[in-house]
Q: 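The following block contains the structure, expressed as structure tokens.
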Amino acid sequence: MVQRITRALVPTIKETPAEATNASHIMLLRAGFIRQLGAGIYNFLPLGLRVLRKIEAIVREEMNRSGALEVLMPALLPADYFKETGRWDLYGDTLFRLKDRKGGDYHLGPTHEEIITDMVRREVRSYRQLPLNHYQVQTKFRDEARPRSGILRCREFTMKDAYSFDVDEAAAVKSYETMREAYRRIFTRAGLTFRIVQADSGAIGGKTSAEFQILADSGEDAIVACDNCDYAANVEAAEVGDGPESIDPRGTLFSIEEVHTPGKGGITAVAEFLGVGASQFIKSLLYTTPKKELVMVCLRGNHEVNEVKLAAALGVAEVHLAAEADVVKATGAKVGYAGPIGFKGRVVIDSSATRVSNGVTGANKTDYHLKGVNFGRDFQAEKVDVRAASAGDRCPRCATGHFKAYKGIEGGHIFILGTHYSSKMRAVFLDEKGEEKPMVMGCYGIGVSRLVASAVEQHSDADGIRWPLAIAPYHVHLCTLGNDAAINTAAETLCQSLEARGIEVLWDDRDERPGVKFKDADLIGIPYRVTIGAKTIAQNACELKARTQRDSKAFELISLADAPERIAQAVHAAVRVEV
RNA sequence: CGGGGCGUAGCGCAGCCUGGUAGCGCACCUGGUUCGGGACCAGGGGGUCGGAGGUUCAAAUCCUCUCGCCCCGACCA
């Protein structure tokens with residue numbers, strides 16, 4: 001299939017659009033793949049759509065291979081189903097809501113757990129009908145508080161969502177593992193560098209979930225990965241191994257001593273004032289829960305709280321740092337002097353802070369701290385794991401590794417949901433013994449349109465995009481230089497031969513100067529560029545150059561007779577990805 | 001939702017402070033010269049200055065309201 005560029009809307013632009021700040025957004029706009037229609041709403045132009053379709057094709061192939069079967073659910077949804085599970089209220093402003101002419105409540109689908117659960121519960125009665133795994137590739141709508149970064153975070157986007165239904169937890173784990181493998185193949189085939197990381201399941205869903213994080217400095221998610229074993233996690237969910245200071249046995253325990261620390265509210269200031277390290281501090285932070293309970297959280301002075309882990313440890317949906325007035329009221333001191341000793345209320349302590357010996361804490365008295373404080377002897381608290389993981393922390397899984405920090409774009413997320421939706425919606429079946437049981441569900445998402453941008457984040461240089469062959473809009477970018485009849489004839493013949501070999505060609509047949517064509521070819525980023533000009537036609541030849549090759553002179557001169565076979569060979573070799 | 005910024009030709013911007021009938025570069029059209037890494041010369045077309053209201057003899061410019069977009073943060077199963 002050959003596409004002449006003069007017959008397609010491929011509006012490349014030289015200048016960087018003002019609104020774009022990250023690489024993928026800039027490149028996709030400049031190369032004419034997408035155009036913005038509104039905040040978080042984009043047109044996909046011909047080249048952009050071809051990339052999207054290529055990724056969809058890989059997704060479908062691998063989902064089908066895994067045994068999942070495609071369905072299609074509506075984007076326009078009656079509110080009943082979300083009302084049934086409570087998400088009509090829980091989803092809040094992120095849900096695009098609308099009314100029909102009769103005043104009935106509707107919304108645009110942000111995700112489809114309820115809808116597929118309804119589809120399945122209507123039809124499935126017996127364990128003999130399970131397991132099931134169905135997926136769709138569909139447009140999703142979420143009224144994001146702040147859409148940003150081009151098509152990385154949109155209000156309307158393409159998502160592949162799959163849902164599995166199993167008879168029990170063990171079977172659900174199998175489905176989950178199958179999806180994990182399918183995802184690994186999808187991301188690998190799409191040419192993406194990624195890590196599978198342990199993730200937070202959020203308020204809804206079970207305990208098991210993993211994110212497929214595409215590594216990119218522009219990513220919004222912070223992840224840590226062990227430099228020795230394969231443990232990796234979103235920092236929101238990362239467990240933390242004990243650091244060296246935590247395994248030191250306690251030495252002599254001193255008695256508590258109150259010290260005057262006038263005007264020294266922060267850890268850094270007090271540490272300097274007392275001449276001790278921040279890790280000797282047991283810092284105390286006050287958090288409020290949705291039920292307005294005030295909880296004191298103690299951890300080492302050099303550690304930070306992971307609020308997601310804290311909320312999970314406290315068994316609440318979310319936590320917020322307490323307001324200054326509440327701190328003053330609860331501790332009787334200005335902010336900066338809170339401590340567990342004498343505090344009346346719930347106190348939790350991060351396990352690494354329990355082994356601080358002769359630590360420093362606030363005295364719950366303005367301008368005073370306590371020295372020689374020891375957990376267990378001087379105060380009690382519930383032990384929890386709430387500290388935020390960071391680079392350099394010891395890996396919780398292996399004995400020797402340490403964390404390295406990365407940034408990632410969440411390209412996929414797989415969950416074992418358990419019976420959360422099936423219980424609420426009575427999606428039940430009869431097992432072998434005739435007992436009624438809720439189905440055990442899993443759900444699996446891939447941000448298909450987000451992968452388009454993610455690929456550009458990973459594959460571009462100063463000149464433009466460098467598409468992995470498997471998802472490139474075309475395999476070959478043909479540049480004819482000059483409007484000579486012999487050149488055009490040779491180009492047409494070559495195009496036909498390539499087409500016969502299954503090679504997709506974008507032919508830049510514009511009447512433009514060579515420089516313009518080469519610049520645009522680099523910008524658009526098709527993996528192979530073939531050039532036919534006066535110089536090459538004189539030798540009955542053309543040039544073949546890979547986009548990954550920076551040196552503009554680094555091309556291969558091939559006779560026109562050999563060209564189709566040689567080019568096809570290069571393309572077919574590159575498209576084969578080991579998975 | 002809090003903070004900041006920006007809306008002037010298709011794109012990137014100047015003009016606004018200090019009101020006087022809108023300009024530059026790129027792109028586009030015509031002719032010519034060019035032609036292997038974003039050419040040059042000459043001529044030309046295109047703008048209700050985001051919208052509404054107000055002040056004024058006069059508003060892109062000053063005032064009020066409003067809509068949109070971007071960035072930081074909060075948020076984002």
Side-chain angles (χ1 to χ4, degrees), chain A residues 9 11-22 25-26 29-30 32 35-42 82 85-87 90-95 109-114 140-150 152-155 157 159 161 163 199-206 209 211 220-221 236 307-308 317-318 320-321 410 413-418 420-421 441-445 447 450 462-464 479-484 487 508 510-523 529 531-538 542-543 545 550-555 557:
Chain A
L9 198 55
T12 57
I13 42 186
K14 283 199 267 191
E15 288 168 294
T16 299
E19 73 270 20
T21 52
N22 62 340
H25 194 191
I26 293 170
L29 285 170
R30 285 195 54 210
R35 286 292 184 264
Q36 183 175 27
L37 204 58
I41 308 174
Y42 285 82
F82 268 49
T85 59
R87 284 213 285 187
L90 280 175
Y91 233 96
D93 290 337
T94 305
L95 201 60
T111 176
H112 282 69
E113 283 80 6
E114 284 86 346
K140 295 286 189 276
F141 298 87
R142 296 182 188 178
D143 194 359
E144 295 282 354
R146 185 152 91 81
R148 68 191 101 160
S149 307
L152 276 175
R153 182 164 222 88
C154 279
R155 296 198 291 173
F157 59 97
M159 185 178 185
D161 45 327
Y163 306 90
D200 174 53
S201 309
I204 298 173
S209 113
E211 289 169 346
E220 294 182 336
D221 292 331
E236 288 179 351
E307 296 185 357
V308 174
E318 55 180 3
H320 290 286
L321 212 48
E410 185 185 344
H413 201 159
I414 56 177
F415 288 84
I416 293 182
L417 289 171
H420 181 86
Y421 292 93
M441 293 173 58
C443 72
Y444 317 93
R450 178 180 277 183
D463 296 321
C479 290
T480 44
L481 308 183
N483 217 352
D484 182 81
I487 291 173
D508 189 346
R510 294 175 299 175
D511 185 16
E512 288 285 357
R513 296 162 59 87
V516 173
K517 294 195 175 194
F518 292 150
K519 287 286 185 188
D520 275 348
D522 286 348
L523 186 59
R529 190 184 81 197
T531 307
I532 305 177
K535 285 184 195 170
T536 70
I537 202 82
C542 63
E543 291 163 10
K545 178 182 171 296
R550 294 299 305 266
D551 183 359
S552 63
K553 300 276 186 319
F555 54 75
L557 191 69

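Letters A, B, ... mirror the listed sequences (proteins, then strands); counts begin at 1. The basis for the numbers below is simple: all heavy atoms, side chains too, and nothing from hydrogens, waters or symmetry mates.
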Q: Taking CD from A/E113 and P from B/rA77, how many angstroms apart are they, rounded to a whole number?
A: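 In whole Å, B/rA77 P and A/E113 CD are 11 Å from each other.
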Q: Identify which nucleotide among B/rC75, B/rG38, B/rG36 has an atom closest to any side-chain atom of A/A145, counting heavy atoms from C-beta outward.
A: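 Out of B/rC75, B/rG38, B/rG36, the nucleotide with an atom closest to A/A145's side chain is B/rC75.
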Q: Can you tell which of B/rG38, B/rA39, B/rA77 lies closest to the side chain of A/R30?
A: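 Selected nucleotide (nearest to the side chain): B/rG38.
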Q: Does B/rC16 pair with anything, Watson-Crick or G-U wobble, both distances under 3.5 Å, and if so, with which nucleotide?
A: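 B/rC16 is paired with nothing.
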Q: When you get a sec, tell me which of B/rC35, B/rC75, B/rG25 is the closest nucleotide to the side chain of A/E15?
A: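 That would be B/rG25.
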Q: Could you tell me whether A/R30 and A/E15 make a salt bridge, using a distance below 4.0 angstrom between a side-chain N and a carboxylate O?
A: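 No, A/R30 and A/E15 are not salt-bridged.
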Q: What's the gap between B/rC62 and B/rA77 when it is taken at their P atoms, as a whole Å value?
A: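 That atom pair is separated by 43 Å.
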Q: Quick test of your reading of the model: are A/D551 and A/K553 salt-bridged, counting only N-O distances below 4.0 Å?
A: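 Not counted as a salt bridge, because no side-chain N and carboxylate O are separated by less than 4.0 Å.
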Q: Rounded to the Å, how far apart are A/I13 CD1 and B/rC13 P?
A: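 Distance, rounded to whole Å: 12 Å.
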Q: Is it the case that the side chain of A/R142 and the backbone of A/R155 share a donor-acceptor pair, with hydrogens and angles ignored and the cut-off at 3.5 Å?
A: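 Judged by distance alone, no pair lies under 3.5 Å.
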Q: Answer with base, sugar-phosphate or nothing: what part of the nucleic acid does A/K535 contact at a heavy-atom distance below 4.0 Å?
A: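 Since a base atom lies under 4.0 Å of A/K535, the category is base.
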Q: Pick base, sugar-phosphate or nothing for A/T480, based on heavy-atom distances below 4.0 Å to the nucleic acid.
A: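 Contact class for A/T480: none.
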Q: Looking for any heavy atom pair under 4.0 Å, which part of the strands does A/M441 touch: base, sugar-phosphate only, or nothing?
A: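 Counting heavy atoms under 4.0 Å across all strands, no contact is made by A/M441.
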Q: Which base sits across from B/rG38 as a Watson-Crick or G-U pair, both distances under 3.5 Å?
A: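 Its partner is none (no Watson-Crick or G-U wobble pair with both distances under 3.5 Å).
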Q: Partner lookup for B/rG45, please. Criteria are Watson-Crick or G-U wobble with both distances under 3.5 angstrom; report none if nothing qualifies.
A: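 Per the H-bond distance test, none.
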Q: By nearest atom, which of the nucleotides B/rG37, B/rC26, B/rA77 is closest to the A/R87 side chain?
A: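 Selected nucleotide (nearest to the side chain): B/rA77.
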Q: Tell me yes or no: between the side chains of A/S209 and A/E211, is some donor less than 3.5 Å from an acceptor?
A: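 Distance-only check fails for A/S209 and A/E211.
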Q: Measure from CD on A/E144 to P on B/rC69 and round the result to the nearest Å.
A: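 After rounding, the gap between these two atoms is 15 Å.
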Q: Expressed in whole Å, how much space separates the C1' atoms belonging to B/rU61 and B/rC69?
A: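 Comparing C1' positions in B/rU61 and B/rC69 gives a spacing of 22 Å.
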Q: Name the closest nucleotide to the A/R148 side chain, picking from B/rG73, B/rC26, B/rC75.
A: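 Among B/rG73, B/rC26, B/rC75, the one nearest the side chain of A/R148 is B/rC75.
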Q: Could you tell me how far apart A/L9 (CG) and B/rA27 (P) are, to the nearest whole angstrom?
A: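 Taking CG of A/L9 and P of B/rA27, I get 18 Å after rounding.
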Q: For B/rG19 and B/rG54, measure between their C1' atoms and round to the nearest Å.
A: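 Comparing C1' positions in B/rG19 and B/rG54 gives a spacing of 15 Å.
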Q: Output the rounded distance in Å from CZ (A/F141) to C1' (B/rA77).
A: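 Distance check: A/F141 CZ to B/rA77 C1' gives 18 Å.
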Q: With heavy atoms under 4.0 Å as the rule, sort A/D93 into base, sugar-phosphate or nothing.
A: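 Since no nucleic acid heavy atom lies under 4.0 Å of A/D93, the category is nothing.
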Q: One character per nucleotide, please: for nucleotides 28-33 of chain B, 5' to 3', B when the base has a protein heavy atom closer than 4.0 Å, S when only the sugar-phosphate does, - otherwise.
A: ------
Q: Please state the C1' separation for the pair B/rA52 and B/rA39 - nearest whole angstrom.
A: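 Their C1' atoms lie roughly 47 Å apart.
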Q: Please work out if A/T94 contacts a base, only the sugar-phosphate, or nothing of the nucleic acid, heavy-atom cut-off 4.0 Å.
A: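 A/T94: no heavy atom of the nucleic acid under 4.0 Å.
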Q: What distance, rounded to whole Å, do you find between the two P atoms, one in B/rG46 and one in B/rC24?
A: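 One P to the other, the span is 14 Å.
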Q: For the side chain of A/L481, counting heavy atoms from C-beta on, which of B/rG36, B/rA77, B/rC70 is nearest?
A: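 Of the options given, the side chain of A/L481 lies nearest B/rG36.
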Q: Roughly how many Å apart are B/rG20 and B/rC26, using the P atom of each and rounding to a whole number?
A: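 It comes out at 28 Å once rounded to the nearest Å.
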Q: Can you check the A/I26 CD1 to B/rG12 P distance for me, whole Å?
A: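 Computing the A/I26:CD1 to B/rG12:P distance gives 13 Å.
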Q: When you compare B/rG15 with B/rU21, how far apart are their C1' atoms, in angstrom units rounded to a whole number?
A: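 Pairwise C1' distance, B/rG15 against B/rU21, rounds to 14 Å.
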Q: Do any side-chain nitrogens or oxygens of A/R513 fall under 4.0 Å of OP1 or OP2 in B/rU34?
A: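 Answer no for this pair, as no side-chain N or O of A/R513 is under 4.0 Å from OP1 or OP2.
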Q: Toward the 5' end of RNA chain B, which comes first, A/A20 or A/D511, by nearest nucleotide?
A: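 Nearer the 5' end of the strand: A/D511.
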Q: Please determine, for the side chain of A/F555, which listed nucleotide (B/rA74, B/rG12, B/rG36) has the closest atom?
A: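 Closest of the options to the side chain of A/F555: B/rG36.
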Q: Return the value, rounded to whole Å, for the distance between atom NZ of A/K553 and atom P of B/rG37.
A: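 Atom-to-atom, A/K553 to B/rG37, this comes out as 7 Å.
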Q: Quick one: which of B/rG37, B/rG36, B/rC75 gets closest to the side chain of A/H320?
A: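 My answer, after comparing the listed nucleotides, is B/rC75.
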Q: Mapping A/P17 and A/H25 to their closest nucleotides on RNA chain B, which lands nearer the 5' end?
A: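 Final value for this comparison: A/P17.
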Q: Can you tell me, in whole Å, how much space there is between the P of B/rA14 and that of B/rU8?
A: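 Here B/rA14 and B/rU8 have their P atoms 11 Å from each other.
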Q: In the strands shown, is B/rA77 matched to any nucleotide by a Watson-Crick or G-U wobble pair with both distances under 3.5 Å, and which?
A: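 Its partner is none (no Watson-Crick or G-U wobble pair with both distances under 3.5 Å).
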Q: Should B/rA27 form a Watson-Crick or G-U wobble pair with both distances under 3.5 Å, which nucleotide is its partner?
A: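 Matched B/rA27 with nothing under the 3.5 Å cut-off.
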Q: In the structure shown, which nucleotide is the Watson-Crick or G-U wobble counterpart of B/rU64, with both distances under 3.5 Å?
A: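 Partner of B/rU64: B/rA52.
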Q: Please check if the number of heavy atoms outside A/D484 that lie under 6.0 Å from its CG is greater than 12.
A: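 Yes.
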Q: What are the two closest non-hydrogen atoms of A/D508 and A/K517, and how far apart are they?
A: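 Of all heavy-atom pairs spanning A/D508 and A/K517, the closest is O-NZ, 2.9 Å.
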Q: Look at the side chain of A/E543 and the base of B/rG36, then say whether one donor and one acceptor between them are separated by less than 3.5 Å.
A: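 Counting by modelled atom types and ignoring angles, a donor-acceptor contact under 3.5 Å is found here.
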Q: As a test of reading the structure: which of B/rG37, B/rC70, B/rA77 is closest to the side chain of A/K545, going by heavy atoms?
A: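 Out of B/rG37, B/rC70, B/rA77, the nucleotide with an atom closest to A/K545's side chain is B/rG37.
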Q: Residues in side chain to side chain donor-acceptor pair (under 3.5 Å) with A/N483, at least two apart?
A: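 A/N483 satisfies side chain to side chain donor-acceptor pair (under 3.5 Å) with A/N488 only.
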Q: Considering non-hydrogen atoms only, spot the tightest contact between A/A521 and A/C479 and give its length.
A: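 Looks like CB-SG, 4.4 Å.
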Q: For the side chain of A/E19, starting at C-beta, report the closest nucleotide among B/rC70, B/rG38, B/rA77.
A: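 Minimum distance to the A/E19 side chain belongs to B/rC70.
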Q: For A/N22 and A/S149, which heavy atoms make the closest approach, and how far apart are they?
A: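 Between these two residues, the closest heavy atoms are ND2-CB, 3.5 Å.
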Q: Has the side chain of A/R450 got a donor or acceptor atom that lies under 3.5 Å from a matching backbone atom of A/L152?
A: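 Yes.
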Q: Do the ring planes of A/H25 and A/Y42 sit parallel (below 30°), tilted (30 to 60°) or perpendicular (above 60°)?
A: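 Plane angle over 60°, so perpendicular.
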Q: Within this structure, what is the CD-to-C1' distance between A/Q36 and B/rC6, rounded to whole angstrom?
A: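 Checked: the CD to C1' distance equals 13 Å.
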